[in-house]
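Basis for what follows: all heavy atoms, side chains included, without hydrogens, waters or symmetry-related copies. Proteins get letters first, then strands, A, B, ... in listed order; numbering begins at 1 in each. Predicted, not measured: the structure shown is a model, and the values here were computed from it.
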2 protein chains.
Amino acid sequence: MKKVSLKDIATAAGVSTALVSYVLTNKEKEARIGEEMAKKIREIARQLNYQPNHIARSLKSGKSFTIGLIMADISNAFFASIARVIEDEAKRNNYTVIFGSSDENVDKSQDLINVLLNRQVDGLIITPTEGSEKQIAWLQEQKVPFVLIDRYFPTFPTNHIAVNNFESAYEAVAHLVHAGRKRIGMIAYETTLHHISERKRGYLEAMKDHRMEGAEKRLKTARYAHLKTDIRAAIDQLCTGPERADAIFFATNSLAIEGLKYINELRIRIPDILAVIAFDEGEAFDLFYSPVTYIQQPIEQMGKEAVRVLLEQIKDQKKIIENIYIDTTLVIRQSCGTKH
Amino acid sequence: MKKVSLKDIATAAGVSTALVSYVLTNKEKEARIGEEMAKKIREIARQLNYQPNHIARSLKSGKSFTIGLIMADISNAFFASIARVIEDEAKRNNYTVIFGSSDENVDKSQDLINVLLNRQVDGLIITPTEGSEKQIAWLQEQKVPFVLIDRYFPTFPTNHIAVNNFESAYEAVAHLVHAGRKRIGMIAYETTLHHISERKRGYLEAMKDHRMEGAEKRLKTARYAHLKTDIRAAIDQLCTGPERADAIFFATNSLAIEGLKYINELRIRIPDILAVIAFDEGEAFDLFYSPVTYIQQPIEQMGKEAVRVLLEQIKDQKKIIENIYIDTTLVIRQSCGTKH
DNA sequence: AAAGTATGCTTAAACGTTTAAGTTTGCAAG
DNA sequence: CTTGCAAACTTAAACGTTTAAGCATACTTT
């Protein structure tokens, strides 16, 4: 069953395709189409169930009405939720979303950028990986509209949507201090990515401001590719000896999940022996026997803003760069031993 | 910065675009291109950093090398994981994925189908919603290649990837019986979707075969749109009175998560007072104080098969319908009180 | 020397749209 | 009775590819 095209309608109506095009794109006024004819064409289009060919349109207009979405890993709850919001929001604006997962890997990221640009996406929403500065800079040179989300590079200005990582981390650590914890540790990723650095900085500053000793030595990192083993090692180090930590701040939900699994195995009681705070949400945190206090990122807002900024960028290339910072909320549960 | 096209290369090389096209699509042999010239063209293409325009190609070939993915909700861990696998697998085959969430809503589903088909996707992978039979039947009439995943309609044959829902549910309930549970309940969705019906049937059959009383009255359902309240009501009914259930089988991960939250609130101890089994995975299940026994669906395999079947279908329209059934694994943890 | 054929390239149409620039007809104004 | 102009269409080019068909030129055959 062949698709019906403008030509089919034109033939059926005994007119040129141009006329049909004008009518079906509601340009009757500008093109001074007769009322009779317009009605007739519309009727035929309806009968034949005409569906415009988006590809032909894109070729002509140079716009695909498609957004490319590059996330670190769509199967991760945080990114999946963002993807969800972005798709909804894009759809509301008649855009469609193509996605891919970079796995925090520079080469995959480059590959995805290439694939998506070849597909003529009108713009990109990206959670950039470590070491992808050059790729991002190149996008900027090429004047490809894009927005970074979750992370960004402080060294050069780009559109980005981020959360106030420093303050959020600071606040989380302060909360632990006020809950009476003395030996607070942190587990983060081993990365130079700015959002993680900021979280680390928030931890260190808060520790300093509250005159807590040994922050540096209690700041552990894990490699993305060796999450499980590295986290276990970190926790082993943190939770043994006379100076064992009485609180851990996890820089990320995946770190927290892995960490809590091991803490469970070790039968370290929370919050009695150890207090815990995590960045990001996770349904697992709700179900944990001691519901986990966490820093809640406003996912809905982040996704919507990302789409908004990107679409504005697409509409008007020379538009000024927008940096959106959104505040998080510290959701206090029982994992720090405080009831509010 | 304008994109370079075949014409640019042709001009630079002083030849026709046809020649360039032949070279860059490696048809030199068939088109008898001179070695010298081929080398020269390739070099120029490299220098200008030529990237083929996918849209133009699609228009010409009538193929977009794009798959449409319609999931119930991409922010749900199960679907997100499937989406992840599908995207990876599609990419390996030089396909790209556009996605959308139907929210278990027929109208949204129809809307997504329209949007994706207008985008000229070459085929669809769908988790069909309740009541979408007509849409699916229409796709079949229109000879649009598609594969259903997770669910399907037994009333008419379609390509689909499914799990042996009946047997899995049966096995889960049998496991509960062998663990000594007497009053086993089930909480499912209120839906006519076949995969859920099969899970219910598995429960009922297993109960009958093991001579367990009161299965019907202990089979509760919750509406997707009123998950929280309905689940609470169901659990209230199941877990009170002298005949209170000593086990609950959740038909889905979202049901289980919501259910466990409430069970936690009620301070019903697992597995002492209540045993629990869930369909699907969830990191929350690992972290639960009594790690949850669950039916593990082979997500990777499901996603890969879906892509395989779809691509075969795209290649050869008259290909016979494929129904893939994949076995699940019952992952036994502590939530049923048994250690293996 | 004529015919055939291999080689290397060009032409042109096509995919389904959009849209600027015609063309034709009728009618009012000069 | 021109001329002007509005109304209602049509033509044709363009977007960037692909690909069948065509056209020289040179090299073999007989």
* Asked: Reading nucleotides 12-18 of chain C from the 5' end, what letters show protein touch, with B for base, S for backbone sugar-phosphate only, - for no heavy atom under 4.0 Å?
  -> --BBBBB

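Salt-bridge annotation for A:E312 and A:K315: absent, with no side-chain N of the basic residue lying under 4.0 Å from a carboxylate O of the acidic one. Contact check on B:K91 versus B:E87 returns no salt bridge, with no Lys/Arg side-chain nitrogen under 4.0 Å from an Asp/Glu carboxylate oxygen.
Rounding to whole angstrom units, CD of residue B:E28 and C1' of D:dT19 are separated by 16 Å. Note: CG (B:N26) to P (D:dT19) measures 13 Å, nearest angstrom. Counting to the nearest Å, the C1' atom of D:dT19 and the CD1 atom of B:I33 are 12 Å from each other. If you measure from atom CD1 of A:I41 to atom P of D:dA8, you get 13 Å, rounded to the nearest angstrom. Atom-to-atom, CZ of A:R32 to P of C:dT24 comes out at 15 Å; the value is rounded to the nearest Å. Atoms NZ (A:K40) and C1' (D:dC9) sit 13 Å apart, rounded to a whole Å. For the pair B:L19 CG and D:dA20 C1', the interatomic distance rounds to 15 Å; values are reported in whole Å. C:dC9 atom C1' lies 15 Å from atom CD of B:E36, rounded to whole Å.
Residue pairs that meet the side-chain hydrogen bond (donor to acceptor under 3.5 Å, both in side chains) test with at least one member in residues 65-78 of chain B, sequence neighbours left out, are A:R84-B:D73, A:R119-B:T66, B:D73-B:S75.
In this structure, a donor-acceptor pair under 3.5 Å is present between the side chains of B:E130 and B:T192. No side-chain N or O of B:E322 forms a donor-acceptor pair with one of B:N159 less than 3.5 Å apart. Using modelled atom types, one finds no donor on one side chain facing an acceptor on the other under 3.5 Å when comparing B:Q301 with B:E305.
Over its length, the helix from C:dA1-D:dT30 to C:dG30-D:dC1 turns its helix axis by 70°, as judged from the five terminal pairs at each end, rounded to 10°.
Residues B:I326 and B:M302 are in side-chain contact: their nearest non-hydrogen atoms beyond the backbone lie under 4.5 Å apart.
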* Verdict with supporting geometry, B:D150 and B:T127, side chain to side chain donor-acceptor pair (under 3.5 Å) -> CA-CA 6 Å; B:D150 187 43; B:T127 57; over 6 Å; no

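With ring centers used as reference points, A:H195 lies 6.0 Å or more from A:F153.
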